[in-house]
Amino acid sequence: MSNRKCSRCGEPVHVEFSFCMNCGSPIEEPDSGTAKIATSDQAKKFKLVLIRGDGGQTASYSLGGQEHTAGREDGIILFPDDDTVSPSHASFFYGDGRLLVKDLGSTNGTFFRLTDPVEMRNGDRFICGEQLFIVEEGMTVEPVADQDGTYFAGTPLSNWFFRLTQVLKGGKPGAVHCARKPKVLIGREKADFSFPDDKFMSHKHSQVEHRDGALWLSDAGSRNGTFMRLRDGEERVLNEGDYLFLGRQLMKVVV
């Protein structure tokens, strides 16, 4: 007697038959569940390709194991000549058949290229061209008097939705833009926050917007992209075609 039935019509099927004699449907083998698990375990593996400044590719790193550390000194993905990369900078690993990345507490962070607008928090950092920015939530500014009740004379105060601060090499603050309108365009020319000497920045590069009580960062169709820093403890899923910055190293995820 057969211990199998056709999943389509319910008719008994002989153990040696691969198709139902009643309706012609193919018959799953009893161990098909095991086969599916094996297929899931054999998920596709990725590579990281190093991108030159002119957009060309150089070295590539196969991610064939379960977990891979990138850094200046530790791991299998090494950048010994880049002093902006921490000794142990980031980890690339697989989970549920997907490739993920997390920062390992590096000094300069791990940045991913935006494919869609992302919601920002106070203190988040992002890159446009060669510029690094930090965002701060808006505030209501109130004048403060000294102990004698005298107010300091200066520029009249006004409230702002958020503040963008350029972060210079070494970590010191540079140019500051206090957003007194909900949208701020960052670019090389004719933008709200302009950087005309940055050849890697597009004319219209990125936009920061205060919307529905939250801050949103989006790319404005730039050539080189907008990159957001991973937060502490954040794990991000990577897909084919994604770009990442580790220190000065730009990498692309490929299959």
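On a predicted model such as this, the values are computed, not experimentally measured, just so you know.
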Examine [X] and [Y] and state if one hydrophobic cluster contains both, with Ile, Leu, Val, Met, Phe, Trp and Tyr joined whenever side-chain heavy atoms are less than 4.5 Å apart.
X: F162; Y: L185; answer: no
X: I76; Y: L48; answer: yes
X: L78; Y: V85; answer: no
X: V253; Y: V118; answer: yes
X: F93; Y: I77; answer: no

For [X] and [Y], work out which heavy atoms get closest and say how close.
X: E189; Y: S194; result: C-OG, 4.1 Å
X: H205; Y: C128; result: CD2-CB, 3.6 Å
X: L244; Y: T110; result: CD2-CG2, 4.4 Å
X: A191; Y: G187; result: CB-N, 3.4 Å
X: F79; Y: M251; result: CZ-SD, 3.8 Å
X: S88; Y: L104; result: O-CB, 3.8 Å

- prompt: Do you see a donor-acceptor pair shorter than 3.5 Å between the side chains of N224 and S222?
  reply: no
query: Does a donor on one side chain sit under 3.5 Å from an acceptor on the other, for E209 and S218?
result: no
In Å, rounded to the nearest 0.5 Å, how long is the span from [atom1] of [X] to [atom2] of [Y]?
X: F111; Y: I127; atom1: CZ; atom2: CD1; value: 4.0 Å
X: E137; Y: M120; atom1: CD; atom2: CE; value: 10.0 Å
X: R163; Y: N122; atom1: CZ; atom2: CG; value: 9.5 Å
X: Q66; Y: K45; atom1: CD; atom2: NZ; value: 5.5 Å
X: K204; Y: K190; atom1: NZ; atom2: NZ; value: 9.5 Å
X: E234; Y: L100; atom1: CD; atom2: CG; value: 10.5 Å

- prompt: Less than 4.5 Å apart, any side-chain heavy atom of L164 and any of F126?
  reply: yes
field: Close side-chain approach of R72 and D82, heavy atoms under 4.5 Å
entry: no
Side chain of [X], backbone of [Y]: donor and acceptor closer than 3.5 Å?
X: D242; Y: F112; answer: no
X: H89; Y: G109; answer: yes
X: D96; Y: R98; answer: no
X: Q166; Y: G174; answer: no
X: D219; Y: L114; answer: no
X: S202; Y: R223; answer: yes
X: S86; Y: T107; answer: yes

- prompt: Going by an N to O cut-off under 4.0 Å, is there a salt bridge joining R231 and D124?
  reply: yes
- request: May I ask you to check whether F133 and F193 place their ring centers less than 6.0 Å from one another?
  value: yes
query: Using 30° and 60° as the class limits, which term best fits the ring planes of Y94 and H68: parallel, tilted or perpendicular?
result: perpendicular
message: Using the side chain to side chain contact (heavy atoms under 4.5 Å, CB included) criterion, which residues pair with D198? Sequence neighbours excluded.
response: E130, Q131, F195, F200, M201
task: Enumerate the residue pairs fulfilling ring-ring contact (aromatic ring centres under 6.0 Å, His included) with a member in residues 215-255, sequence neighbours excluded, ordered by first and then second residue.
output: F227-F245
- prompt: Taking only residues two or more places apart in sequence, or in another chain, which ones meet D192 in a salt bridge (charged side-chain N to carboxylate O under 4.0 Å, His left out)?
  reply: K181
- prompt: Taking atom CG of D232 as the centre, does the number of heavy atoms from other residues, nucleotides or ligands within less than 6.0 Å exceed 12?
  reply: no
